[in-house]
Amino acid sequence: MGIEFLIVNILLVILIVIASLVAVLLRDLLAAAIALAAMSLLLSLEFFLLQAPDVAIAQAGVGACLTTAIVIIAIKGTKRMEEE
Amino acid sequence: MIEYIPFIAVVAMIIIGLYTVVFRRNLIKIVIGISIIESGVNLFLIILGYRDGGVAPIFTSLPPGTSFPEGMVLPVPQALTLTSIVIGVAVLALMLSLVMHIYRKYGTLDVQKIRRLKE
Amino acid sequence: MTFLETLLQQSPVLIIATPLLSAFLMPLVSRIHAKVRDVFALVVLGVTSCFVGLLASDVLSHGPRIYIFGAQNLSFPLVRILFEVDSMGVFMAIITVMLASIAVVYSWSFLHQQDGLDKYYTLLLLVVTSALGMELTGDIFNFFVFLEISCIASCALIAFWVDEGEALEAAFKYIVVSSIGALFVLFAIGIFYAQYNALNIATLAHLLQFTFLDKIVLAILLVSLGMKAGLAPMHMWMPDSYGRAPPSIILIIMSATLASVYGILRVMFTLYGNVLTTSLRFSLPAHVIIGWILIALAIVSILIGVIMALVQTDLLRLIGYAGVAEIGYMFLAIGTSIVALGTSYATVALHGGLFHILNDALDIGLLFLVAGAIYYVTKKRSLDDISGLARSMKFTTVFFIIGALAVAGMPPLNGFTSKFLIYESVYQVNPILSIIALLGSILLLAIFIKVLYAAFLGPELPELKDVKEAPRSMLLAMGFLAVFAVVIGLFPNLVLDTLVKPAATALLDHAQYISMVVGGL
Amino acid sequence: MEKRTVAGALAFSIVVVFFLFSIFLLHPFGKPGQVQMDDYIITHTQNETGTNNGVTSVVFDYRGFDTLGEATILFSAVAGVLLLFRRVRH
Amino acid sequence: MTKIVKTTANILFPFTMIFGLYVIAHGHLTPGGGFQGGAIVASGCALLLVAYGSPWVFDHIKDKRLATFESLGAIGFITIGLLGLIFGAVFFGNFLAGSGSLFGTTPATGSTLADFNTGGVLPLMNFAVGVKVIAGLFVIILVMAYASSIKEWS
Amino acid sequence: MFSLESGSGFWNPVLWVLVVFVLFLLFYGIRGFGRSTYKKGTEQTKVFLSGNKETSAEEMHVKASNLYWGFTTSMKSLYSVLRKMHTGNTSDYILWFVLVLAVLFLIMGVM
């Protein structure tokens, strides 16, 4: 395995963890949903790099697009800010 | 050590998700936490199936000179992950519809206040 | 090959495919007429019961049966999904279809002319399918898939009364708890896959080495499935959702819960069957430690269940806590049989535990149906608001007394026969355990005497003057369960010899389960 | 500090430690140890299922029953959502 | 929504649709399949929801009809499995693979070019699952969006 | 055939029913030997409460939540602990899950 590939992978994985942390820590739920979408997209990219194009397409379609849409719909139906 | 960093990221995602479910008080945050746990488990399965220098297990216009089976990544974890992703979106949709209903009945999303059922 | 032989050969898949296809057809069928829909659900379950009966009669007389999806014979590395049906799976499948049929009959009147019933019956059939799949499958990932189906469908059913905030709350709690449990099961499956590159239960059991990873996986599986089964202290979702779901559906959710109990049994006895006797540190065999963990959880379940049930005023919630205690009895017996693995009273304990699964389904199910009937006629949940119902609801009172005495383990009803086996075998391990089990039974009796006194005896309240007896189909459903309870109580050997003992033998004989699949390897 | 936070922190740290321990016992990234099942699938997928895509052959043929379960999960989620929003009409 | 969004959606929607259907149809040859293609088409439908607003879509597309389509997709999937039981003697038996008829060619072992006429029952299953997933995901998102956009629920 | 063996004891429900039935007959017979001075419709059947008026059935009825008052009061400390445990908070359910998972990890890891 090339060391460049490993480094790219590790960077992506670290970005995914950071995105999920951001999604958890933000008080604005809409921003959290966008962070979750970013995490899903990065995850899909990681799947693609790990030679799983099928899963990458599914993750991009379901995770990044539909999940975000559903979360945003739910936020629209409830309340945007997380209360103290 | 450096080869285990993806696995450590998986553990980190699962723990971040669990932390969200246990210590965050917003219902939508809890749902996001469960989604993060699920993504972590998906990543775990895909990482397990990766083989050094392998290509995707698709034979259509394969790069010339690929030797198989050694030159291909494992297909079974990918199939399992596909199942898991669809399960994830189904659970998420159901949970968020419940959250919308709960907000109408309780007027809040704070998990500490949604506890008419106790003792 | 005759038609019957073909049917028998295909019966494992027909058991799954019939309710599944009918669930898919249900939205179309319910467009025709409400009556057609109601009858269709029962007919489908009847056909499924026939298949289960056919398969059961064959498995009990000729040994386990294997069904491979998509291939005629086993190919070397077991790439395909397979069903492995032994006496244990058949025993659980019989309980499931019985509970489901009774629940459908009960639902006819209970939910008469409420909206959303087409979805209700669809989801009901899906939960039944998932429970049957969990009980028949021989593939661990397939088990996970069915576990998720049961989570989602049960959650939607718990939230059936969307106008009540509490029902939605209970459903949300249920789905959070069970989806996290299921995700951890998936994580455990991933670790198994990484180690052994197999997903088949028999192959995994054959290859299992009891390394550190396997211990971690065992802990994860035990806790996640235990949470789904309602073991204390992870039991809190159980009174919530049982107390707020429509009582007609609780039998179905209970069958999914019992399927999780089956999952723990399968993990303990089959998956880890080869390595249970390995010596660990301090030269303690593994089975002693695992067994004592189970016994500790079981004792906590019994005590918390009965003590919390004593102060409940909501009848359905009270029975939910009693259900927690009953789950504790099952695990007390299972833990005892693991601690004492190899001795004769371990077998007796396992008989008691498995028999108690059936008896718990019958007795707690009967009590839930009675509570549902009370709710149906009075529209009141709290025990404080009802009194003197015995005057107007004579049959229901009789059924309640039968159910209450059976749950409390009074002779000669069925609850006593299994508890008798549990007391006797647990005494051999540690007398204190048997005393705690007896104490739990006494407290259960006290709890139900309270319910009897508060709800059925006492003066007639003015607002309950014009209360009538429950409708006929509800009485029929309750009557079935009550008759079963009495008959099994009077003639326990009828069930014990034909179903329970073969099931226990099949569980303990993991070598046969493995060799059915791995044989050639 | 609250008792709940302390208990949670303790339990979380134990879980993290054990997860990390167990992660290092797995095979390293990119070097799977046992591969007999997947190798069989890759070698035989073209002959047995006539498919060029290995993942599709696993999803729909070798583990087709799982996919049926997965479709069922989506179906039950749809039924659940429609059940929850059944009163929502014009 | 503004005219720009509507026009963009109008232009993008057919392309998403075609790409999704391509992914579904070529699931046995290239990356993709029923689930992935269904998810892509459902995303396109979500775009429609964003552009035109859920009440408009709810007026034009009945959720009951979508649910029926979903049922039909699921029934089709399980029926193909049962056909395997009838023609191939086992549930989910791939009775068309290698038969030489519809989808029955076997590709040569090793690296080959795409041959659409392969895969046995897999393309049919892809199609059934595709219909199911499109209808299922779209009805979920449609009903939830409509419910979140109105004040009174019953 | 009807009896259930447990290795150290046995249980025969049919025998039990027979014994109970015989005992019931026996006691019924013994009851018949008693004096029959009890007469319905006379002063004998009235409740005597030291001359006070008899309270109505509705007032006499103890509500379900007061039934085991003595027991719950004496076990107050236990109940306060258990009440504190059942918070009804969804997060706490998962916290219990994590706690039990941690304990099992410790046991399994040390052994």
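Within every chain, numbering begins at 1; the chains are lettered A, B, ... in the order of the sequence lines, protein sequences first and strands thereafter.
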Original post:
How long is the gap from NZ on A/Lys79 to CG on B/Asn26, to the nearest 0.5 Å?
Top reply: 8.5 Å
Original post:
Among A/Ile14, A/Val62, A/Leu12, who wins on heavy-atom pairs under 4.5 Å with chain B?
Top reply: A/Val62
**OP:** Flag the pair A/Phe5 / B/Tyr50 as yes when their ring centroid distance falls below 6.0 Å, and as no otherwise.
**Re:** yes
Subject >> Gap separating the CD atom of A/Gln59 from the CG atom of B/Leu82, nearest 0.5 angstrom >> reply: 10.0 Å
Original post:
At what distance, to the nearest 0.5 angstrom, does CD of B/Glu3 lie from CD1 of A/Ile10?
Top reply: 9.0 Å
Subject >> Contact class of A/Ile70 relative to chain B, heavy atoms under 4.5 angstrom >> reply: both
Original post:
Closest heavy-atom contact between A/Ala32 and B/Lys29?
Top reply: CB-CE, 3.8 Å
Original post:
How many angstroms lie between atom CZ of A/Arg80 and atom CG of B/Leu109, to the nearest 0.5 angstrom?
Top reply: 14.5 Å
Subject >> Evaluation steps, side-chain contact (heavy atoms from CB on, under 4.5 Å), between B/Ile5 and A/Asn9 >> reply: CA-CA 9 Å; B/Ile5 285 180; A/Asn9 254 316; over 6 Å; no
Subject >> Toward chain A, the part of B/Ala12 with a non-hydrogen atom under 4.5 Å >> reply: side chain
Subject >> Options B/Pro6, B/Pro77, B/Gly40, B/Gly54, ranked by heavy-atom pairs under 4.5 Å with chain A, top entry >> reply: B/Gly54
Original post:
Closest heavy-atom contact between B/Ser39 and A/Met39?
Top reply: OG-CE, 3.2 Å
**OP:** Counting only heavy atoms closer than 4.5 Å, note whether B/Val55 contacts chain A via side chain, backbone, both or neither.
**Re:** both
Original post:
More than 12 non-hydrogen atoms from neighbouring residues, nucleotides or ligands closer than 6.0 Å to OH on B/Tyr106, yes or no?
Top reply: yes
**OP:** Counting only heavy atoms closer than 4.5 Å, note whether A/Ile7 contacts chain B via side chain, backbone, both or neither.
**Re:** neither
Original post:
Picking from B/Met13, B/Glu38, B/Arg24, which has the most non-hydrogen pairs under 4.5 angstrom with chain A?
Top reply: B/Arg24
Subject >> B/Ile58 side, atom CD1; A/Gln51 side, atom CD - distance, nearest 0.5 Å >> reply: 9.0 Å
Original post:
Looking at B/Gly49, B/Ala56, B/Ser97, B/Ala93, which has the largest count of heavy-atom pairs under 4.5 Å with chain A?
Top reply: B/Ala56
Subject >> From OG1 (B/Thr81) to CG (A/Asp54), nearest 0.5 Å >> reply: 10.5 Å
Original post:
Who among A/Ala58, A/Ala52, A/Ala33, A/Gly63 has the most heavy-atom pairs with chain B under 4.5 Å?
Top reply: A/Ala52
Subject >> Heavy-atom check, side chain of A/Ser20 versus side chain of B/Ile32, under 4.5 Å >> reply: no
Original post:
What residue in A/Val55, A/Ile75, A/Leu25, A/Ile73 has the most heavy-atom pairs under 4.5 Å with chain B?
Top reply: A/Val55
Original post:
By a 4.5 Å heavy-atom criterion (distance strictly below it), what part of A/Leu43 contacts chain B: side chain, backbone, both, or neither?
Top reply: side chain
Original post:
Given that the side chain runs from C-beta out, which part of B/Ser35 has a heavy atom under 4.5 Å from chain A: side chain, backbone, both or neither?
Top reply: side chain
Subject >> Residue selection (most heavy-atom pairs with chain A, distance under 4.5 Å) from B/Val73, B/Val99, B/Ile102 >> reply: B/Val73
**OP:** Check each atom of B/Ile2 against the heavy atoms of chain A and say whether the ones under 4.5 Å are side chain, backbone, both or neither.
**Re:** both
